[in-house]
Structure formats: C-alpha cells, structure tokens
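I have placed the structure first, in the form of structure tokens, so that the comments after it can refer back to it.
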Amino acid sequence: QVQLAESGGGLVQPGDSLRLSCAASGRTFSPDAMGWFRQAPGMDREFVARISWSADTTYYGHSVEGRFTISRDNAKNMVYLQMAGLTPEDTAVYYCAADQDRLRGIYWVSRPVEYEYWGQGTQVTVSS
C-alpha cells in the first residue's frame with residue numbers, strides 16, 4: 001500500500017551534519033505517522049525519531065535528542081531527518097517507517113514491530 005525510499009546517506013566526518021530524506025509513494029500516505037530507525041552491525045534496530053501526521057508531536061531517542069530533527073512535507077510526501085553533531089556511534093543503516101498514527105508514548109513509538117511499512121535503508125558512516 002505504501003512504499004518508502006530513503007536517500008541522503010554517505011560518509012562524513014565527526015561533527016558534520018547530514019540530511020536524510022524519505023519519499024513515500026503508493027495509493028495512500030495520509031494519515032500515517034513516520035519514524036526513523038537505525039541499525040548498526042550486530043545491534044538491534046534502534047528508534048531515532050517520530051513525527052505525527054500533522055507534525056504537532058515528535059519523539060526522539062535518547063542518543064539523538066538535541067542533535068537530530070525530524071520534519072515532513074505532506075504536500076510532497078516527504079519526511080526528513082536533519083542530523084547534526086554526528087559521531088562514530090551514529091554509524092548505521094537508517095530506515096524510515098510508517099504507521100497509522102495511533103501510537104502514543106515513547107515506549108510504544110520506539111518499537112519497530114509497531115510500524116507497518118519500511119524502506120530499504122540508507123547507509124550513514126561517520127569516520128575520521
């Protein structure tokens with residue numbers, strides 16, 4: 001029903017900034033909330049950020065709070081993740097995901113199993 005495609009990953013140095021994009025397509029997009037997750041080798045998939053359909057509610061994972069900003073442009077079917085102050089610990093494959101905007105609270109929105117649709121991911125590598 002919904003297809004998601006991430007872009008914008010790459011190789012950057014510690015302290016750099018990077019902007020990831022997620023393009024949504026398919027027969028419907030509204031009223032989905034969108035999330036970003038990441039997964040490093042040998043690690044579980046980790047919650048990064050979430051934004052509601054109307055963009056009035058956002059959540060951030062502890063490790064990225066204050067450094068990353070999630071935003072969306074519903075007219076363009078786009079979701080973004082602006083990353084600043086990148087460190088080697090941010091190295092991972094980053095995925096965007098969508099759900100039906102019914103989740104509330106950090107416990108529920110941070111669980112990958114709650115999201116219906118996933119992109120294929122984009123690699124972010126932070127190294128000097």
- Query: Quick one: does N74's side chain have a donor or acceptor within less than 3.5 Å of a partner on W53's backbone?
  - Reply: yes
- Mind checking whether P14 and P88 have side chains closer than 4.5 Å, heavy atoms only? yes
- Rounded distance [0.5 Å steps], CG in D90 versus CG in D16: 11.5 Å
- Closest non-hydrogen contact found for A92 with A40 is CB-N, 3.9 Å
- Note on the structure: Here the pair of heavy atoms bringing E6 nearest to T122 is CB-CG2, 3.8 Å
- Please step through side chain to side chain donor-acceptor pair (under 3.5 Å) for the pair E46 and S110, ending with a clear verdict. CA-CA 8 Å; E46 177 188 16; S110 65; over 6 Å; no
- Query: Are R72 and Y80 in a cation-pi contact, defined as NZ or CZ under 6.0 Å from the six-membered ring centre and within 45° of the axis?
  - Reply: no
- Query: Would you say the side chains of S63 and R38 form a donor-acceptor pair under 3.5 Å?
  - Reply: yes
- Task: Would you name the heavy atoms of C22 and M34 that are closest together and state the gap between them?
- Result: SG-CE, 4.0 Å
- Just by distance, do the side chain of Q13 and the backbone of S128 share a donor-acceptor pair under 3.5 Å? no
- Contacts of T91 that satisfy side-chain contact (heavy atoms from CB on, under 4.5 Å) - sequence neighbours left out: Q123, T125, V126
- Measuring from R111:CZ to E114:CD, what's the distance to the nearest 0.5 Å? 4.5 Å
- Could you give me the CA-CA distance, side-chain angles and deciding distance for V79 and C96, then say whether side chain to side chain contact (heavy atoms under 4.5 Å, CB included) is met? CA-CA 8 Å; V79 182; C96 63; 5.9 Å; no
- Item | Heavy-atom neighbours of D44 CG exceed 12 at 6.0 Å | no
- When rounded to the nearest 0.5 Å, the distance separating CG of L86 from OG of S127 is 12.5 Å
- Query: Going from CZ on R104 to OG on S52, what distance comes out if it is rounded to the nearest 0.5 angstrom?
  - Reply: 7.0 Å
- Mark yes when over 12 heavy atoms from residues, nucleotides or ligands other than E116 sit less than 6.0 Å from its CD; otherwise mark no. yes
- Straight-line distance of L81 CG to T69 OG1, nearest 0.5 Å: 8.0 Å
- Item | Under the side chain to side chain donor-acceptor pair (under 3.5 Å) test, residues paired with D101 that sit two or more places apart | none
- Query: Side chain of Q100, backbone of D32: donor and acceptor closer than 3.5 Å?
  - Reply: no
- Quick check: does any side chain N or O of Q1 sit under 3.5 Å from a backbone N or O of G26, one acting as donor and the other as acceptor? no
- Is a side-chain N or O of Y94 found less than 3.5 angstrom from the main chain of Q39, in a donor-acceptor match? no
- Item | Nearest atoms (heavy-atom pairs only) where G85 meets S17 | N-OG, 4.4 Å
- Query: For V109, which fellow cluster members are found when Ile, Leu, Val, Met, Phe, Trp and Tyr are connected by side-chain heavy-atom distances below 4.5 angstrom, either directly or through intermediates?
  - Reply: F37, F47, Y59, V93, Y95, L103, I106, Y107, W108, Y115, W118
- Query: From Y60 OH over to R50 CZ, what is the distance, rounded to the nearest 0.5 angstrom?
  - Reply: 13.0 Å
- Query: What pair of heavy atoms forms the shortest contact from L18 to G9, and how long is it?
  - Reply: CD2-CA, 4.2 Å
